Amino acid sequence: MEVLAECTAKAMIHCAAKKIDITDWLFTLKDQEYQSCSVGHIAGGISTSIEGKKMSINVEKVADNLLVQHYIEEIGNKAHCRVNSVSDSFSGLGSTKLGIIWELKINVLTADTCELENRVVISSTDEFLALLKSMNITDLTLVKSQMLKNVEEHNAEETPLFAADIYNKVLVGRWD
């Protein structure tokens with residue numbers, strides 16, 4: 001698999017990092033809370049993989065691409081959560097699959113402030129490359145450029161809203 005786009009967005013949270021459990025936040029995020037963090041967020045839910053691992057299922061639109069993501073937990077602790085999905089992708093090119101890693105970290109800035117780091121890595125799949133080949137697209141330069149632009153715009157919108165949702169949960173004592 002080839003990396004098609006990778007981007008990181010950050011947002012400050014005005015509380016001590018130890019007051020946050022980022023993995024719990026992700027795997028208890030309600031549908032309406034997920035939807036409120038981006039105009040492209042359509043639905044979010046929680047399940048369990050066949051292997052018994054936590055799974056976050058998200059439906060979102062990034063630019064003209066509708067994604068159905070089945071994120072399975074790879075790393076899950078209070079300050080770091082990484083999930084991986086082979087996601088269904090529906091766009092003007094057709095339907096295919098993309099590999100997506102979504103990684104969330106809480107980084108300490110001071111005793112009373114931290115930041116949410118929201119990293120997304122999109123990778124090709126054999127199915128995606130076959131779709132491009134069927135359309136005589138062999139140079140991935142333009143595909144990568146457009147995909148990166150779209151993901152950067154999406155992350156820039158959702159990251160501060162994710163941070164605000166996390167902060168609101170700290171205020172009500174969610175992880176005390």
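Just so it is clear, the model here is predicted, and its values are computed rather than measured.
Screening residues 41-51 for salt bridge (Lys or Arg N to Asp or Glu O under 4.0 Å) gives no qualifying pairs among residues at least two apart or on separate chains.
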Between His41 and Gln35, does the side chain to side chain donor-acceptor pair (under 3.5 Å) criterion hold? Intermediate values first, please.
CA-CA 5 Å; His41 289 179; Gln35 289 178 37; over 6 Å; no

task: Under the salt bridge (Lys or Arg N to Asp or Glu O under 4.0 Å) rule, what do Glu73 and Lys53 come out as? Steps first, then yes or no, please.
output: CA-CA 6 Å; Glu73 180 182 33; Lys53 293 184 177 187; over 6 Å; no

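In this structure, OG on Ser123 lies 5.0 Å from CE on Met1, to the nearest 0.5 angstrom. Taking CG of Asp31 as the reference point, atom CD1 of Ile57 lies at 11.5 Å (rounded to 0.5 Å). The CD1 atom of Ile122 sits 5.0 Å away from the CD1 atom of Ile100 when rounded to the nearest 0.5 Å. In this structure, the separation between NE2 on His70 and CE on Met55 is 7.0 Å, given to the nearest 0.5 Å. One finds the CD atom of Glu127 at 9.5 Å from the OG atom of Ser89 (value rounded to the nearest 0.5 Å). Atom CD1 of Ile166 and atom CG of Leu116 lie 4.5 Å apart (nearest 0.5 Å).
The cluster map of Ile, Leu, Val, Met, Phe, Trp and Tyr, joined by side-chain heavy atoms under 4.5 Å apart, puts Ile72 and Ile101 in different clusters. By the rule that hydrophobic residues join a cluster once side-chain heavy atoms approach within less than 4.5 Å of another member, Leu129 and Met147 end up as members of one cluster. Hydrophobic clustering, with ILVMFWY side chains joined whenever heavy atoms are under 4.5 angstrom apart, groups Tyr167 together with Ile106. Following chains of ILVMFWY side-chain contacts shorter than 4.5 Å, one cannot reach Val121 starting from Leu4, and the two form parts of different hydrophobic clusters. Residues Leu98 and Leu93 fall within the same hydrophobic cluster, defined by Ile, Leu, Val, Met, Phe, Trp and Tyr side chains chained together at heavy-atom separations under 4.5 Å.
Proximity of a side-chain donor or acceptor of Ser87 to a complementary backbone N or O of Leu67 within less than 3.5 Å is not detected. Looking at Ser38, its side chain never comes within 3.5 Å of a backbone N or O of Glu158 through a donor-acceptor pair. The main-chain N or O of Asn65 is never found under 3.5 Å from a side-chain atom of Ser91 such that the two would form a donor-acceptor pair. Put simply, the side chain of Ser124 never gets that close to the backbone of Phe128: no donor and acceptor are under 3.5 Å apart. When atom types are taken as modelled, the side chain of Ser145 and the backbone of Thr141 share no donor-acceptor pair closer than 3.5 angstrom.
Residues Val39 and Glu157 are in side-chain contact: their nearest non-hydrogen atoms beyond the backbone lie under 4.5 Å apart. Looking only at side-chain heavy atoms (C-beta outward), Ile46 and Leu26 stay at 4.5 Å or farther from each other. When side chains are defined from C-beta on, Lys54 does not count as touching Val83, because their heavy atoms never get closer than 4.5 Å. Residues Leu66 and Ile42 meet the side-chain proximity criterion, which asks for heavy atoms closer than 4.5 Å. Considering only heavy atoms from C-beta on, Asp165 comes within 4.5 Å of Leu29 through its side chain. Side-chain contact check for Ile20 versus Cys114: some heavy-atom pair is nearer than 4.5 Å. Under the 4.5 Å side-chain criterion, counting only non-hydrogen atoms from C-beta, Lys144 is in contact with Glu2. Side-chain contact between Val170 and Trp175: present, with at least one pair of heavy atoms (C-beta onward) separated by less than 4.5 Å.
Taking the side-chain hydrogen bond (donor to acceptor under 3.5 Å, both in side chains) definition, one finds that Glu117 meets it with Asn107, sequence neighbours left out. Partners of Thr125 under the side-chain hydrogen bond (donor to acceptor under 3.5 Å, both in side chains) rule, at least two apart in sequence or in another chain, do not exist in this structure.
Nearest heavy-atom pair across Leu131 and Ser95 is CD2-O, 4.3 Å. In this structure, Leu161 and Ser36 approach most closely via the heavy-atom pair CD1-O, 4.0 Å. Heavy atoms only, all atoms of each residue included: Gln69 and Tyr34 are closest at OE1-OH, 4.3 Å. Between Ala9 and Ala156, the shortest heavy-atom distance links the atoms CB-N, 4.4 Å.
Between Glu33 and Lys169 there is a salt bridge, with a side-chain nitrogen of the basic residue lying less than 4.0 Å from a carboxylate oxygen of the acidic one. In summary, Lys78 and Asp24 do not engage in a salt bridge, as defined by a charged side-chain N under 4.0 Å from a carboxylate O. Salt bridge Glu74/Arg82: present, at least one basic N to carboxylate O contact under 4.0 Å.
By the 30° and 60° cut-offs, the orientation of the rings of Trp102 relative to Tyr71 is tilted.
Within a 6.0 Å sphere centred on CZ of Phe27, heavy atoms belonging to other residues, nucleotides or ligands number more than 12. Within 6.0 Å of CG on Leu171 lie more than 12 heavy atoms contributed by other residues, nucleotides or ligands. In this structure, Lys97 places its NZ atom where more than 12 heavy-atom neighbours from other residues, nucleotides or ligands lie under 6.0 Å away.
Judged purely by distance below 3.5 Å, without hydrogens or angles, the side chains of Thr159 and Asn118 pair a donor atom with an acceptor atom.
Leu132 pairs in a side-chain contact (heavy atoms from CB on, under 4.5 Å) with only one of the listed residues (Leu140, Asp139, Thr138), which is Leu140.
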